[in-house]
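Report on one structure; see the data block that follows.
Note that ligands are numbered from 1 as they come in the structure, with each ligand's atoms numbered from 1 the same way. Just so you know, these numbers use all the heavy atoms, side chains as well, and skip hydrogens, waters and symmetry mates. Everything quoted here is computed from the prediction, not taken from an experiment.
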Amino acid sequence: MWNKRHSLSIKLWFTIISAIIISVLFAYSLSQYYYKNLYVKKIKTDLVNEATKLGEDYQGGEITEDFMKRVEWFNSKNDSEVFVVNNPRELSACLPFEIDYDTLISEEERQLLLEGHAIEKEGYEKRFEQNIVAAVIPLMDEARLEGIIYTYIPVDSITDLLRELAARWLVATFLFLIVAIFLMTKWLKKLISPIKDIERAVHRISEGDYNIKLQVESQDEIGKLALAFNEMAQSIYLEEERKKEFLENVAHELRTPLSYVMGYTQAIKDGIVKDEEEKQKYLQLISRETQRLQKLLGDLMDLAKLDSEQVVFRNLPIAFAQFIEEVIAKYEPALKEKNLRLQAELDPDPIILGDDGRIEQILHNILDNSIKYTDMGGTISLSLHQQKDECELIIRDTGRGIPEADLPHVMERFYRVNKARSRFDGGSGLGLSIVKKLVEQQKGQIYIESVAQTGTKVRIVLPTIKDDWKL
Ligand code: ATP
Ligand code: MG
């Protein structure tokens with residue numbers, strides 16, 4: 001019955017219908033049970049009351065013809081059967097049957113009657129050949145049992161009543177089921193349809209259509225699932241867009257240097273350039289563009305590696321101040337060329353744990369920017385300080401600065417303030433995005449502050465280790 005392949009709605013249907021049927025059956029049996037009990041109990045009390053009231057007319061002494069008549073009259077006017085039995089030890093007359101007193105009342109019951117108690121009975125009575133509910137009260141004269149009033153009702157009338165009740169139950173249940181089925185169909189449809197929507201959307205995603213947004217109407221688990229799905233679809237979509245944009249950027253970055261190289265080569269090949277000096281100039285341009293391409297490829301490779309987290313970082317203790325000194329020494333020619341002044345104020349204490357190659361790359365990309373974006377005669381200053389268990393490196397320049405609007409984006413891939421590619425300073429806009437990744441890998445933070453036309457301040461905070469690390 002419970003098949004794995006069955007749809008959710010069939011399973012829910014099955015569950016709900018079973019629940020309804022079980023509860024109806026349970027309620028029915030329970031009501032039958034209680035009804036029967038309460039009803040029978042009430043009948044018994046009624047019978048006792050009826051008999052007791054009749055018994056009140058008895059004045060004691062011998063049971064008179066007149067009293068018997070009265071009971072008989074009452075019997076004819078009443079639903080229940082009532083009759084008086086004289087004490088059979090002396091008299092055997094009774095109404096309406098010839099009843100053997102001894103079989104009607106057991107010895108035990110006789111004792112109870114003698115003590116003046118009323119008796120209630122229920123069950124099959126041989127004498128009347130049917131199931132009855134009965135009450136018997138004693139007619140006492142002093143301590144003598146003169147006779148009894150016996151009143152009873154056939155149980156069949158109760159069963160009839162219960163049967164009628166059952167029939168009504170059946171009708172009500174049937175109507176209830178129809179209403180329930182109608183409401184459930186609507187309700188299940190409402191419940192299941194968002195799940196179907198999600199299923200369809202998943203199919204669309206697997207076919208490469210990521211721009212999907214499900215309508216979320218409920219706030220239950222299904223609603224939350226739909227919300228989570230939307231979030232997932234959205235992030236896949238954004239990731240796809242990012243990839244597309246990245247590829248477009250790469251293609252764009254490659255196109256320009258390549259077209260330069262092609263153009264110059266063609267010019268030389270076609271013999272358009274005759275002058276040896278000019279030829280040399282063209283060859284230099286070709287070399288510059290190829291270098292640019294090489295750098296771009298190198299940067300892209302770095303980014304790919306950083307993204308895939310394939311790179312294995314070395315974790316060496318580095319005396320940071322000394323390390324920085326060594327790196328800036330390499331920039332002397334470039335600084336001289338642009339007539340830039342370099343100031344360094346380096347605290348010798350900080351020792352960082354990191355990969356020397358990567359740390360050098362961080363410094364290189366930042367210094368490269370400072371030199372590139374600072375005009376002749378400017379100043380670049382470096383300062384390094386130990387602060388508790390971190391160190392702070394600040395690289396400041398008096399260059400052209402970064403406009404406020406661009407500042408939040410400079411660490412994005414391919415982002416350049418000067419969108420128009422300038423052959424002189426135009427990098428590909430990858431430098432700082434690599435720096436950001438590397439600093440994060442070193443568990444540090446980077447902040448850039450800048451004022452256009454005034455200068456830029458790059459602040460890097462890296463965790464340090466204690467001097468006694470070597471122990
Ligand atoms: P790449 O570094 O890949 O050769 P890039 O220098 O253009 O190219 P980033 O280093 O990422 O790229 O810098 C992004 C942009 O931020 C730069 O194009 C430049 O406009 C701006 N920028 C970065 N550093 C400075 C700085 N020190 N002064 C002024 N502008 C800067
Ligand atoms: Mg750069």
Side-chain angles (χ1 to χ4, degrees), residues 242 245-257 260 288-307 324 327-328 330-331 334-335 337-344 358-383 393-441 446-460:
R242 231 167 53 93
E245 194 186 303
F246 184 76
L247 263 180
E248 275 164 17
N249 279 324
V250 171
H252 185 74
E253 289 301 318
L254 290 174
R255 195 176 300 128
T256 324
Y260 274 103
R288 197 191 71 190
E289 293 303 325
T290 5
Q291 270 170 28
R292 191 192 282 271
L293 281 172
Q294 203 170 23
K295 175 175 178 299
L296 179 67
L297 271 180
D299 285 351
L300 285 173
M301 293 290 281
D302 278 346
L303 270 179
K305 270 195 233 151
L306 285 169
D307 276 349
I324 295 170
V327 172
I328 51 185
K330 296 182 188 169
Y331 286 87
L335 291 163
E337 199 183 309
K338 280 190 90 172
N339 191 23
L340 296 172
R341 216 146 48 93
L342 189 112
Q343 297 172 338
R358 299 291 159 178
I359 304 278
E360 181 167 352
Q361 197 176 4
I362 294 174
L363 293 173
H364 170 81
N365 286 7
I366 295 171
L367 284 172
D368 183 59
N369 284 349
S370 288
I371 296 171
K372 210 156 54 170
Y373 304 115
T374 303
D375 293 333
M376 301 281 277
T379 306
I380 296 170
S381 48
L382 285 91
S383 74
L393 170 67
I394 294 175
I395 301 167
R396 214 189 292 256
D397 63 53
T398 56
R400 67 170 77 147
I402 303 164
E404 217 181 313
D406 297 295
L407 201 54
H409 305 290
V410 286
M411 285 193 268
E412 288 168 11
R413 290 173 186 189
F414 295 109
Y415 194 89
R416 277 187 307 247
V417 173
N418 182 7
K419 307 282 184 304
R421 184 182 314 273
S422 137
R423 286 295 92 195
F424 303 105
D425 65 9
S428 52
L430 288 174
L432 287 179
S433 61
I434 293 173
V435 168
K436 186 165 187 256
K437 277 249 161 196
L438 288 171
V439 170
E440 277 164 7
Q441 299 259 17
I446 176 166
Y447 311 92
I448 302 181
E449 288 164 36
S450 187
V451 179
Q453 309 309 328
T454 307
T456 303
K457 175 177 155 188
V458 179
R459 192 161 69 92
I460 293 175

*Tell me, please, which residues at least two apart from Lys338 pass salt bridge (charged side-chain N to carboxylate O under 4.0 Å, His left out).*
none
_So if I count the atoms of ligand 1 from 1 in the order they appear, which ones are less than 4.0 Å from some heavy atom of Leu432?_
9 (P), 10 (O), 11 (O), 13 (O), 23 (C)
*Under 4.5 Å between any side-chain heavy atoms of Leu393 and Leu363, yes or no?*
yes
*Partners meeting ring pair (Phe, Tyr, Trp, His ring centres under 6.0 Å) with Tyr447 (sequence neighbours left out)*: none
*Determine whether any heavy atom of Gly429 lies closer than 4.0 Å to an atom of ligand 1.*
yes
*Are any of the heavy atoms in Asp397 under 4.0 Å away from ligand 1?*
yes
*Drop me the distance from Ser428's OG to His252's NE2, to the nearest 0.5 angstrom.*
11.0 Å
_Contact (N/O only, under 3.5 Å) between Asp368 and ligand 1_ = no
*Tell me, which pairs form a salt bridge (Lys or Arg N to Asp or Glu O under 4.0 Å) where one or both residues lie in residues 401-412, sequence neighbours left out?*
Asp406-Lys419
*asked:* Tell me the nearest of Ile434, Thr456, Ile402 to atom 30 (N) of ligand 1, using heavy-atom distances.
replied: Ile402
_Salt bridge or not between Glu245 and Arg242? Use side-chain N to carboxylate O under 4.0 Å._
no
*May I ask you to test the Ile380-Leu335 pair for a side-chain heavy-atom distance under 4.5 Å?*
yes
_Arg292 vs Thr256 side-chain heavy atoms within contact, under 4.5 Å_ = no
_Side chains of Tyr331 and Ile371 in contact at under 4.5 Å (non-hydrogen atoms)_ = yes
*Looking at Tyr415, which atoms of ligand 1 are within less than 4.0 Å of one of its heavy atoms?*
14 (C), 15 (C)
*Taking the Mg ion (ligand 2) as the centre, how many protein N/O/S atoms fall inside a distance shorter than 2.8 Å?*
1
*Under 4.0 Å from any heavy atom of Lys295, which atoms of ligand 1 are there?*
1 (P), 3 (O), 4 (O)
*Go through ligand 1 atom by atom and flag the ones less than 4.0 Å from a non-hydrogen atom of Val410.*
11 (O), 14 (C), 16 (O)
_When you compare the side chain of Asn249 with that of Arg413, does any pair of heavy atoms fall below 4.5 Å?_
no
*For Tyr373, is at least one N or O under 3.5 Å away from an N or O on ligand 1?*
yes
_Tell me whether Thr379 contacts the main-chain N or O of Thr398 through its side chain, where contact means a donor paired with an acceptor under 3.5 Å._
no
*Test item: Asn365 and Leu432 side chains (from C-beta on) under 4.5 Å apart, heavy atoms*: no
*Which atoms of ligand 1 sit under 4.0 Å from any heavy atom of Arg416?*
7 (O), 18 (O)
*asked:* Can you check which of Ser370, Gly455, Gly431 brings a heavy atom nearest to atom 2 (O) of ligand 1?
replied: Gly431
*Which ligand 1 atoms does Val417 reach within 4.0 Å, using its non-hydrogen atoms?*
18 (O), 20 (O), 21 (C)
*Short question: side chain of Asn339, backbone of Met376 - any donor-acceptor pair under 3.5 Å?*
no
_Where ligand 1 meets Gly401 - atom numbers and elements under 4.0 angstrom, heavy-atom basis_ = 29 (C), 30 (N)
_Asn418, any N or O under 3.5 Å of ligand 1 N or O_ = no
